[in-house]
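A short write-up of the structure that comes next.
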Amino acid sequence: MAELISSMAGVVAEVKVNVGDTIEKGDEVLTVESMKMMIPFEAEIGGVVKEIKVDVGDFINEGDVVAILE
Amino acid sequence: MATKGEELAAVRERILQMGPERHKKRVKEDYGKLLCRERLEILLDEGSIVEDGLMANCLDEELAADGVVTVLGRINGREVAVMANDFSVKAGSWGARTVEKIIRIQETAMRLHIPMIYLVDSAGLRITDQLFCFPGRRHAGRIFHLQALMSGMIPQICVLSGPSAAGGAYIPTFCDVIIAVDKLGAMYLGSPRMAEVTIGEKVTLEEMGGAKMHCAVSGVADVFAKTEEEALQAVKDYLSYFPPNYTEDPPVYEPKEPEKSLEDIEKIVPPNQNQPFDMYELIWRIIDQGSWFEMKKLWAQEIITGFCRINGQPVGIIANQPKIKGGVLFVDSADKACRFIRLCDAFNIPLLYLMDVPGFMIGSAVEKAGILRHGCKMLYAVSEATVPKISVIVRKAYGAGLYAMCGPSHEPDACIAFPGAMVAVMGPEAAVNAVYYNKIQEIEDKKEQMKFRMEKQKEYSEQVNIYKVAADLIVDDVIVPQNLRKELIARFSYYKKKPGELRYPKKHGVMQV
């Protein structure tokens, strides 16, 4: 089990994966709106998505867990 | 009976064979490392080595050269001084003679005004010898003291291909650049064993201070090398951008055309300010092919720092990377840029800033991390640098991001812009929100609210339109993007002749850290 951690603060604009998806390192998991930019948030590791902890519109801070992989 | 000469030859030969066979076998087979003198052979031009202190501790057969080899040599014909720990001799540990030898080669490098290279692979101080090499005037502390004095005078380069523990870890850290070898190089103040005993933490050596950790997480190391050979080649590549000392100019090479053409640059830089792109694609279109040496590539990747050549002339590039974290400046990116700018300025390497920066990050997380303090550091370095410097507004330059990337207020020799550039305190959306917040709240109908926002954003964008900015002489020129390389070559050819800038007399500044 591994956690995907947010690297910067912002508001979730889009969730690009679903529970059960197999993702690879570098895949875009979320788009985060921050500093008036649409910033792709990429997975630092690969795995199967077990849980997504955020919804569109949520504020996430640097260091928050956004998803859990198996 | 052997003559005196034969006797000496035998002693010298024994020392040149390094540590005992059983230890050499361990170094090669168990650790998979090169032997100390093999490293020197790869690094230095054939036949160029002059060695001092070979005879250190020569009466003890187990202590060849007292565990460190100190030499003068040449790399591609250019003089360097080298210190290399010998792991086959008591795990490269330091005794009294070891320390004296390191100090002497440092003093030699300072006297000759040539780069000092440290090939680090040492278990640390020999506790049994501590009174003879730890506390005194010419003991271990002096190595670090000299490193601080040498900083900015001559290049200091470290290859970390073994351990570097406790105080010894300051040798790499004091260098301008640390090239760390995967799985072999490690540095830490306290070893995992010590951490377990002292604070109860259980952690592997790799997690505590491995090459990857220091290149990607702590930012202490600069270059990640897969093998020792790659690391030693990196030393040669790095030095190709540097003069031997601060009084000389860096070497100039035969010009080469870039790997890619600027023809399609407008397709690569999206006009929509909110959309990320890969800044490397611009870099590959302006620098001489094959001339790229990146510093801290794996750390704080929202800013790119690297040496290149443009028309054969060395240049240090500081570029925002919109593809990572939108190119926003963070605590670590500010540190990374500050360090790189000071390195270039110390050794007369001109600076090129490529801007696409939404500003410094905001929010409670970064305030707690001291973003003001770190941002200040970057701005300080930008102000302090007197080398030729050009800043290019590729797309946006918002807020203090403009200052930190050497905008007009920070005395670039020129600040030039692409036609799509936008210079402002903040972007249109943020500005309209800030100015018309109450008004927007008063409009109840969402559609009307959006219409109002759009109108105001359009007005705002027109106010900060690059032609307005240029008409007010805020930028020195707006250029056709396809001409960027040509423009940089022409401008640097004039700026490189400047005699240096006026600086106010003082002992030294008090930079934030």
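The chains referred to below are lettered A, B, ... by the order of the sequence lines, with proteins before strands, and numbering in each begins at 1. Basis for what follows: all heavy atoms, side chains included, without hydrogens, waters or symmetry-related copies.
Environment of CD in A/Glu24: sparse, with no more than 12 heavy atoms of neighbouring residues, nucleotides or ligands closer than 6.0 Å. Dense packing is recorded around CD1 of A/Ile5, with more than 12 heavy atoms of other residues, nucleotides or ligands lying under 6.0 Å away.
Scanning residues 270-278 of chain B against chain A with a 4.5 Å non-hydrogen threshold yields B/Gln273, B/Asn274, B/Pro276, sorted by number. Among the residues in residues 399-409 of chain B, none has a non-hydrogen atom closer than 4.5 angstrom to a non-hydrogen atom of chain A. Residues of residues 452-466 of chain B never come within less than 4.5 angstrom of chain A, heavy atom to heavy atom. Scanning residues 42-70 of chain A against chain B with a 4.5 Å non-hydrogen threshold yields A/Asn61, A/Glu62, sorted by number.
Atom CE of A/Met37 sits about 4.0 Å away from atom NZ of B/Lys396, to the nearest 0.5 Å. Interatomic distance, B/Met426 CE to A/Met35 CE, rounded to the nearest 0.5 Å: 10.0 Å.
Contacts of B/Tyr398 with chain A are absent, with no heavy-atom separation under 4.5 Å from either backbone or side chain. Using a 4.5 Å cut-off between heavy atoms, B/Ile324 makes no contact with chain A at all.
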